[in-house]
Protein chains: 2
Amino acid sequence: MASHSMSDTIEEYLKQLLVNADAEQVEIRRADLALRFDVVPSQINYVIKTRFTIQDGYLVQSKRGGGGYIRIERIKLMQDADVFDQLIASIGDQLTNREATVLLQTLAEHGILSQREVTLIAALLAPTALAVTDRYTEAQVRARIMRSLLMRLKYEC
Amino acid sequence: MASHSMSDTIEEYLKQLLVNADAEQVEIRRADLALRFDVVPSQINYVIKTRFTIQDGYLVQSKRGGGGYIRIERIKLMQDADVFDQLIASIGDQLTNREATVLLQTLAEHGILSQREVTLIAALLAPTALAVTDRYTEAQVRARIMRSLLMRLKYEC
DNA sequence: TCATCTCTGACTAATTTTGACTTTAATTAT
DNA sequence: ATAATTAAAGTCAAAATTAGTCAGAGATGA
């Protein structure tokens, strides 16, 4: 897998950092990295946005201002990770409260969520909690939240 | 817990003081602390205002004039229902992702949520999950969800 | 050639650091 | 007692220091 573009090179460098550091996470300064590879700082954002997504198994956090940083964390896939992809695909643009409840219960039955976790999350997805303007938007938000949950559950935590 | 900025360093120092003092509270003199870290006195206010909020799990009292002081107290969430109400009240009608993260971490430190629950709920509240129409609405939805969570935890932990 | 990926830079947003000015409380002088 | 002085801490906004966004230009490959 030869790297052709500078973005590929930066990607490799960062992944090497994670391996060498022998840690689950690594921290960089955007400006430093840009200087090292002689690119504009915003290209670092591009590399991260295209190569260190949650789908790729990375969590990225950052902070601006003095002492700012970008932190990249590697998270490990669960054994049956592909199941989550299927579940995510099965959720459309909208998700009713009832559908959400059923899905959560299914996750519990498969030992993916504890009963307490189901209760908590169900409370957060209830109409009273979301209380967005209209039902359409509410169901949209619920769908996004559920997708986000499934994407996270796909990895160990 | 790496310290990136001087404010981070001062924060760490103060938290270490609380641990070492083996007491619920610690008292400092703003001028002394500023001198010790070679910063202007008002930076101490900044550190306290940004890192020792009730959402962080601290109460701060102070007195001006001769013999003035700043007292930082670690709150006990479980003991006092009032504190819990204060916490709920401290959430306005908007909540940033960073504030939410801080709050969840505080709940974990007090044994109210497990680390796994924090991780999952953090995923639910992430900007990508909530991404409604605009940032304003996003922060509103986040605030509502967080309030729902706290209300629930208050009664059935 | 067309679509997609990469690269750039101007503009925006968040956070920290600094300092001038204000407020409050205790002490000292009248 | 009251006023003046001194000794704290508080407020606020500007400056400095990071990172993020976005749209357009450029490069690449099918």
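On a predicted model such as this, the values are computed, not experimentally measured, just so you know.
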Separation of atom [atom1] in [X] from atom [atom2] in [N], rounded to whole Å:
| X | N | atom1 | atom2 | value |
| --- | --- | --- | --- | --- |
| B/Met6 | D/dA16 | CE | P | 19 Å |
| A/Phe37 | C/dT8 | CZ | P | 14 Å |
| B/His4 | D/dT18 | NE2 | C1' | 12 Å |
| A/Tyr46 | D/dG26 | OH | P | 17 Å |
| A/Gln43 | D/dG26 | CD | P | 16 Å |
| B/Arg51 | C/dT15 | CZ | P | 10 Å |
| B/Asn45 | C/dT24 | CG | C1' | 14 Å |
| A/Gln61 | C/dA14 | CD | P | 17 Å |

N/O (side chain, [X]) to phosphate O (OP1/OP2, [N]) under 4.0 Å:
| X | N | value |
| --- | --- | --- |
| A/Ser62 | D/dT18 | no |
| A/Ser42 | D/dC22 | no |
| A/Thr50 | C/dC5 | no |

Within the 4.0 Å heavy-atom criterion, would you say A/Arg71 contacts the bases, only the backbone, or no part of the nucleic acid? nothing
Which part of the nucleic acid does A/Ile70 contact within heavy-atom distance under 4.0 Å: base, sugar-phosphate only, or nothing? sugar-phosphate
Hey, are the side chains of A/Leu149 and A/Leu104 touching, using non-hydrogen atoms and a 4.5 Å cut-off? yes
Identify whether NZ of Lys or CZ of Arg in B/Lys15 sits under 6.0 Å from the centre of the six-membered ring of B/Phe52 and within 45° of that ring's axis. yes
Taking the cut-offs as 6.0 angstrom to the six-membered ring centre and 45 degrees off its axis, would you call A/Arg74 and A/Tyr58 a cation-pi pair? yes
Would you tabulate the pairs of protein nitrogen or oxygen atoms and nucleotide nitrogen or oxygen atoms of nucleotides 6-8 of chain D closer than 3.5 angstrom?
{"unit_1": "D/dA8", "atom_1": "OP1", "unit_2": "B/Arg29", "atom_2": "NH2", "d": "2.3"}
{"unit_1": "D/dA8", "atom_1": "O4'", "unit_2": "B/Gly65", "atom_2": "O", "d": "3.4"}
{"unit_1": "D/dA8", "atom_1": "N3", "unit_2": "B/Gly65", "atom_2": "N", "d": "3.1"}

For A/Asn20, look at atom CG and say whether over 12 heavy atoms of other residues, nucleotides or ligands are found less than 6.0 Å away. yes
What verdict does the side-chain contact (heavy atoms from CB on, under 4.5 Å) test give for B/Ile112 and B/Leu77, after you've listed the backbone C-alpha separation in whole Å, the side-chain angles of each residue and the deciding distance to 0.1 Å? CA-CA 9 Å; B/Ile112 295 169; B/Leu77 266 180; 3.8 Å; yes
Exactly one candidate in A/Lys63, A/Arg29, A/Glu27 meets side chain to side chain donor-acceptor pair (under 3.5 Å) with B/His4; the answer is A/Glu27
A/Phe37 ring center near A/Tyr13 ring center (under 6.0 Å): yes
More 5' along DNA chain C: A/Ser7 or B/Asp8, using each one's nearest nucleotide? A/Ser7
